[in-house]
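The model shown is predicted, which means the values in this text are computed figures rather than measured ones.
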Amino acid sequence: MKLDGDQFERQKAYETALYYLDLLYSKGMISKSEHLRETAYIEKKYKPMIVHIPLLNKE
């Protein structure tokens, strides 16, 4: 798969936002429901070509 410039920028923004969202969740600063809601928002906003789907849902 090859990403054009716009796709690359959207993917980069998605990955960055997801990284910080995961960091907030791992530090207990947001709940699981907030994490799921914001993940959906980030996916809708950036429309990434590659989406991360968690294999295991940890509590």
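The residues E9 and K12 are annotated as salt-bridged, a charged nitrogen and a carboxylate oxygen being separated by less than 4.0 angstrom.
Taking hydrophobic clusters as Ile, Leu, Val, Met, Phe, Trp and Tyr residues chained together by side-chain heavy-atom distances below 4.5 Å, Y20 does not share a cluster with M29.
Note: K32 NZ to I30 CD1 = 12.5 Å, rounded to the nearest 0.5 Å. How far NZ of K27 is from CG of D22: 12.5 Å, rounded to the nearest 0.5 Å. To the nearest 0.5 angstrom, L23 atom CG is 5.0 Å from Y19 atom OH. In this structure, the separation between CG on L21 and CD on E34 is 9.5 Å, given to the nearest 0.5 Å.
Taking both residues in full, the closest heavy atoms of D6 and D4 are given as N-OD1, 3.1 Å, listed atom of the first, atom of the second, then distance.
Although no hydrogens or angles enter the test, the distance criterion places no donor-acceptor pair under 3.5 Å between the side chain of Q7 and the main chain of M49.
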Can you give me every donor-acceptor pair (side chain of residues 39-46, partner residue at least two apart or in another chain, under 3.5 Å) with its distance?
unit_1	atom_1	unit_2	atom_2	d
T39	OG1	H35	O	2.7

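Residues V51 and Y14 meet the side-chain proximity criterion, which asks for heavy atoms closer than 4.5 Å. Using a 4.5 Å heavy-atom cutoff, the side chains of Q11 and P48 are in contact.
A search for side-chain contact (heavy atoms from CB on, under 4.5 Å) contacts involving S33 returns S31, not counting sequence neighbours.
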